[in-house]
Every structure is written in C-alpha cells, then in structure tokens.
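Read the structure below first, then the notes.
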Amino acid sequence: MTDERAKATLHGRLRRDRQSLLWKLDGLSEYDARRPLTVTGTNLLGLVKHVAGVEARYFGEVFDRPSPEPLPRWQDHDASDLWAAEDEARDQIIESYRHTWEHSDTTIDALALDTPGHVPWWPEPYSNTTLFAVLVHVLGETNRHAGHADIPRENVDGRTGMRPEHATQIDQDARTAHYAKIEQAARSAASAEA
C-alpha cells in the first residue's frame with residue numbers, strides 16, 4: 001500500500017468518525033446535550049468539545065502549525081474541556097470543532113506520513129513521532145470517544161447507530177425482552193458461582 005493510499009484511508013476514517021460523534025447531538029435539547037450521563041460526568045457536548053481540543057493540539061502544536069482556535073496551554077489541563085459551561089453555546093462548540101477539522105485536514109493534506117512531529121506531553125522516548133503515528137492516535141481517540149457517546153445517547157432516547165443511515169426504529173418490547181434475557185443470564189451465572 002502506498003503512503004498516499006494509507007493516508008487517504010486513515011483520513012477518510014477520521015472524517016467518518018467526526019461526523020458520527022456530531023450526529024450523537026442531533027435532535028437533543030440543551031439539557032440532554034450537556035447533562036452528565038455517567039457517574040464520572042460524561043456528557044455528549046463535552047465529548048465533542050474534548051475531541052476538538054485533542055485534534056487541534058495534535059494536528060496543530062505537534063507540527064508547529066498552531067490551531068486558529070484558542071486553546072489553553074496543555075500544561076494547564078484542568079478537565080474543563082470535558083463539559084460545556086452554561087455560557088458556551090452548543091453551536092459555538094460545534095463550529096469550533098468544524099474549524100479544527102479544516103485546520104487538521106490542511107495539515108494532513110500538506111504533510112507526508114513520515115513528517116516528524118513532537119508531542120511534549122508524551123513520555124520519552126515516544127515524544128518524537130510522525131504524522132502517521134499522530135493520525136492513527138487521533139483516529140483512535142475520535143473513535144473511542146464516538147463510542148463513548150453511543151451509551152449516553154442510548155440512555156437519553158434509545159437512539160443507536162454510527163450514522164443516520166444506519167439508525168433503526170426502536171422496538172421497545174424487543175429491547176425490554178433482550179435486556180431481561182441478559183439480566184437472567186447474569187443472575188444464573190452468579191447463582192452457579194455461589
């Protein structure tokens with residue numbers, strides 16, 4: 001496989017996963033987009049905000065191509081990128097993510113896969129890296145957080161799927177029966193263990 005084909009494949013997957021993550025916000029109220037949906041506070045808009053910052057840093061600072069979006073110093077990370085404050089508009093966060101995509105896409109298109117970069121927050125000897133490694137890393141991060149978004153979204157309204165064209169109608173009776181079957185299997189396994 002050629003470097004250009006590998007880059008195009010990875011970049012295509014990154015574009016797909018970005019859209020999947022944003023789709024998880026479609027049709028949600030402000031409250032549902034922002035509210036904590038796990039015991040650690042995971043929320044859908046916060047996941048988008050976080051991934052935007054991750055992508056901006058990796059395709060910006062790492063290759064001396066600073067993001068046009070304002071970012072705090074990475075040393076000052078305080079987890080505020082994991083949720084949206086009341087004065088941060090959803091549209092503003094989404095638009096920031098889209099601007100980050102444009103900047104990242106320009107970086108990815110302009111550089112060869114073996115272009116060196118430096119990730120100061122990675123431990124030695126890994127901090128000196130390449131566009132290829134960063135592209136794989138960011139793809140993994142985006143995919144991971146898009147996967148995280150699946151469960152909170154399912155808990156809000158039962159919506160599942162990776163893209164709108166793969167969404168299916170919710171059959172609540174079938175879901176209830178499936179859940180009960182899994183619960184029974186867990187209880188049976190626990191009884192057998194005891």
Side-chain angles (χ1 to χ4, degrees), residues 1-26 37-38 40-67 69 71-75 77-84 93-94 96-155 159-166:
M1 177 180 286
T2 66
D3 281 0
E4 284 308 308
R5 185 168 169 210
K7 183 164 77 167
T9 299
L10 293 170
H11 198 180
R13 294 293 176 119
L14 178 60
R15 287 179 170 125
R16 177 201 67 188
D17 293 344
R18 289 168 175 162
Q19 292 292 345
S20 179
L21 179 58
L22 274 188
W23 179 56
K24 296 301 176 180
L25 293 173
D26 280 2
L37 292 160
T38 70
T40 60
T42 299
N43 61 91
L44 293 163
L45 191 56
L47 287 170
V48 170
K49 182 179 172 184
H50 173 71
V51 171
V54 166
E55 189 168 321
R57 287 203 190 286
Y58 278 101
F59 292 118
E61 293 172 36
V62 168
F63 297 101
D64 291 324
R65 299 169 69 94
S67 171
E69 295 296 311
L71 294 169
R73 294 174 343 126
W74 65 267
Q75 300 93 327
H77 178 72
D78 63 358
S80 62
D81 67 323
L82 296 169
W83 59 282
I93 291 170
I94 291 170
S96 174
Y97 190 27
R98 290 185 188 279
H99 288 153
T100 294
W101 295 358
E102 293 169 10
H103 184 261
S104 298
D105 290 347
T106 300
T107 297
I108 293 165
D109 290 342
L111 303 178
L113 285 178
D114 62 353
T115 299
H118 180 75
V119 185
W121 51 91
W122 284 3
E124 293 300 334
Y126 308 106
S127 61
N128 291 317
T129 190
T130 63
L131 177 63
F132 175 77
V134 167
L135 187 51
V136 169
H137 180 79
V138 172
L139 175 60
E141 284 287 316
T142 305
N143 187 274
R144 178 176 181 239
H145 292 307
H148 286 155
D150 288 339
I151 294 168
R153 180 60 195 246
E154 185 178 340
N155 285 333
R159 189 177 195 179
T160 62
M162 200 167 132
R163 297 190 295 271
E165 63 269 22
H166 296 293

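The structure presented is a predicted model; accordingly, all values stated were derived computationally and were not measured.
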**Asked** Just wondering, are more than 12 heavy atoms of other shown residues or ligands nearer than 6.0 Å to CZ in R65?
**Response** yes
For the residue pair F63 and F59, does the interplanar ring angle fall in the parallel (under 30°), tilted (30 to 60°) or perpendicular (over 60°) class? parallel
Answer whether the closest heavy-atom distance between the side chains of [X] and [Y] falls below 4.5 Å.
| X | Y | result |
| --- | --- | --- |
| P120 | H118 | yes |
| R15 | H11 | yes |
| L139 | L135 | no |

Considering non-hydrogen atoms only, spot the tightest contact between [X] and [Y] and give its length.
| X | Y | result |
| --- | --- | --- |
| K24 | L44 | O-CD1, 4.0 Å |
| L111 | L131 | O-CD2, 3.5 Å |
| L21 | A146 | CD1-CA, 3.9 Å |
| R153 | L25 | NH1-C, 3.8 Å |
| T42 | P152 | CG2-CG, 4.3 Å |

Please report the interatomic distance [atom1]([X]) to [atom2]([Y]), rounded to the nearest 0.5 Å.
| X | Y | atom1 | atom2 | value |
| --- | --- | --- | --- | --- |
| I93 | L45 | CD1 | CG | 4.0 Å |
| H145 | K49 | NE2 | NZ | 14.0 Å |
| R98 | R18 | CZ | CZ | 10.5 Å |
| I108 | T115 | CD1 | OG1 | 11.5 Å |
| N143 | R16 | CG | CZ | 6.5 Å |
| L10 | K7 | CG | NZ | 10.5 Å |

- Query: Can you tell me if D64 uses its side chain to pair, donor with acceptor, with the backbone of G117 under 3.5 Å?
  - Reply: no
Q) Looking just at side-chain N and O atoms, do E55 and S104 make a donor-acceptor pair shorter than 3.5 Å? A) yes
Is the W121-Y58 ring centre distance short of 6.0 angstrom?
yes
